[in-house]
Amino acid sequence: AFKNINHLGALVDDILDIEKLGTDQMTFDFQPADLTALVRESVASNQSYADEYGVHFQMDGTQDIQVKCDSRRMSQVVANLLSNAAKFSHRGGTVKISAHRQDGMARLSVSDQGVGIPEEFHENIFERFTQSDSSDSRKVGGSGLGLNISKNIVEKHGGTIGFDSTPGVGTTFHVDFPVLQRVLLTRSNSDWSGAQYLIGK
Ligand code: ADP
């Protein structure tokens, strides 16, 4: 009963988010944040998925990567990717999570050794209510809304979300978005007025 209540609660949250996105009413509180710290916290707070599906979450990366984001919404994206990675993994598998800089962007990756995503499903994966019709997906349940919501949230951050997947081998989802550069501003040559973050490569 407890599990069903949680699933129902998650479904209601997803439907409310879809409604907010559809009417452009989802609000964002963008603040400078360290992406590595944010991902590390999300991994810790989503450990229950790893326990439920018998997988091991392994976090790589220690870089300080400043980004401008809504921490609550970005944590929601990480939670969606972690829950999918756990759900579609085999028991005993490892899910690797990393935050690093790549080509001037901040990249967050979630990589599993699970069932993979069938080729014919790649094109539609970010559409609403889309689920691969394999028995694995039916077995674990879900709304088919999470990736659509995640894509919308990532795009509101000026980023992109994509994946590489090989059926039977595993899947890696990656999210890329702009890094914040810390620059010093001057009022005159001798008077440093402080530091400010700017988006840039
Ligand atoms: P949900 O997980 O609630 O069904 P999502 O939108 O998060 O909804 O995912 C949609 C579908 O994409 C899943 O049902 C599954 O078929 C596929 N999928 C997502 N992530 C993975 C993954 N890491 N490995 C295999 N299939 C995945």
Side-chain angles (χ1 to χ4, degrees), residues 2-22 26 39 42-43 45-60 70 72-99 107-157 159-177:
F2 182 67
K3 225 177 189 178
N4 286 343
I5 288 167
N6 283 340
H7 286 162
L8 205 55
L11 182 61
V12 170
D13 287 344
D14 280 355
I15 290 170
L16 289 175
D17 281 346
I18 286 286
E19 183 64 25
K20 280 187 207 157
L21 285 164
M26 187 178 276
V39 172
S42 299
V43 169
S45 58
N46 287 288
Q47 180 59 36
S48 58
Y49 290 122
D51 297 341
E52 185 177 353
Y53 294 99
V55 301
H56 174 59
F57 284 163
Q58 183 182 309
M59 169 89 199
D60 291 334
D70 180 317
R72 194 172 73 87
R73 290 295 178 190
M74 196 47 75
S75 301
Q76 182 180 348
V77 172
V78 181
N80 176 232
L81 298 181
L82 291 176
S83 72
N84 282 342
K87 277 195 305 194
F88 298 103
S89 282
H90 307 293
R91 290 195 87 78
T94 297
V95 173
K96 291 186 181 167
I97 305 106
S98 77
R107 167 165 283 205
L108 125 69
S109 305
V110 176
S111 194
D112 66 58
Q113 307 163 314
V115 296
I117 301 170
E119 190 81 40
E120 63 276 14
F121 182 57
H122 286 193
E123 218 178 298
N124 307 325
I125 194 162
F126 291 106
E127 284 171 20
R128 292 175 189 182
F129 298 112
T130 310
Q131 293 177 307
S132 102
D133 58 2
S134 77
S135 57
D136 282 307
S137 126
R138 285 200 296 273
K139 195 169 65 193
V140 295
S143 66
L145 293 172
L147 284 177
N148 180 270
I149 295 169
S150 293
K151 183 172 190 284
N152 275 284
I153 293 174
V154 168
E155 287 175 354
K156 294 279 184 198
H157 284 76
T160 55
I161 182 168
F163 67 94
D164 297 305
S165 184
T166 308
V169 176
T171 303
T172 300
F173 273 88
H174 35 81
V175 174
D176 293 308
F177 55 113

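Hydrogens, waters and symmetry mates play no part in the numbers below; they use all other heavy atoms, side chains included. All values derive from a computational prediction rather than experimental measurement. Order of appearance sets the numbers: ligands from 1, and atoms from 1 within every ligand. The chain is numbered in sequence order, starting from 1.
For the residue pair Val55 and Ala86, the shortest heavy atom distance occurs at CG2-CB, 4.0 Å. Scanning both residues, Val175 and Val77, for their nearest heavy atoms gives CG2-CG1, 4.3 Å. Shown here for Leu82 and Val43, the closest heavy-atom pair between the two residues is CD1-CA, 3.9 Å.
One option in Phe88, Phe163, Phe121, Phe126 has a heavy atom closer to atom 25 (C) of ligand 1 than any other, and that option is Phe88.
Ligand 1 does not have Gly114 within reach: every non-hydrogen atom of the residue lies 4.0 Å or more from it.
One finds a salt bridge joining Asp17 and Arg73 here, because a Lys/Arg side-chain nitrogen approaches an Asp/Glu carboxylate oxygen to under 4.0 Å.
If you check the side chains of Gln76 and Asn80, you find no donor sitting under 3.5 Å from an acceptor.
When non-hydrogen atoms are compared, ligand 1 lies under 4.0 Å from the backbone of Leu145 (N, CA, C, O) but not from its side chain. Within the 4.0 Å heavy-atom criterion, the part of Asn80 lying near ligand 1 is the side chain and not the backbone. If you look at Thr171 next to ligand 1, the close heavy atoms, those under 4.0 Å, all belong to the side chain.
An N or O contact shorter than 3.5 Å is missing between Val115 and ligand 1 by distance. Backbone and side-chain nitrogen or oxygen atoms of Asn148 are examined, and none is located within less than 3.5 angstrom of a nitrogen or oxygen of ligand 1. Ligand 1 has a nitrogen or oxygen under 3.5 angstrom from a nitrogen or oxygen of Gly144.
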>> Does Arg128 form a side chain to side chain contact (heavy atoms under 4.5 Å, CB included) with Ile18? I'd like the steps, not just the answer.
In response: CA-CA 9 Å; Arg128 292 175 189 182; Ile18 286 286; 3.6 Å; yes
>> For Thr171 and Asp164: C-alpha separation, side-chain torsions, deciding distance, then whether side chain to side chain contact (heavy atoms under 4.5 Å, CB included) applies.
In response: CA-CA 6 Å; Thr171 303; Asp164 297 305; over 6 Å; no
>> With ring pair (Phe, Tyr, Trp, His ring centres under 6.0 Å) as the criterion, how do Phe163 and His122 come out once you've worked through the C-alpha distance, each side chain's angles and the decisive distance to 0.1 Å?
In response: CA-CA 9 Å; Phe163 67 94; His122 286 193; 5.0 Å; yes
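The atoms of ligand 1 that sit less than 4.0 Å from any heavy atom of Ile125 are 12 (O). Near Lys87, with a cut-off below 4.0 Å to any heavy atom, the atoms of ligand 1 are 1 (P), 2 (O), 3 (O). Atoms of ligand 1 found under 4.0 Å from any heavy atom of Gly116, numbered from 1 in the order shown, are 25 (C).
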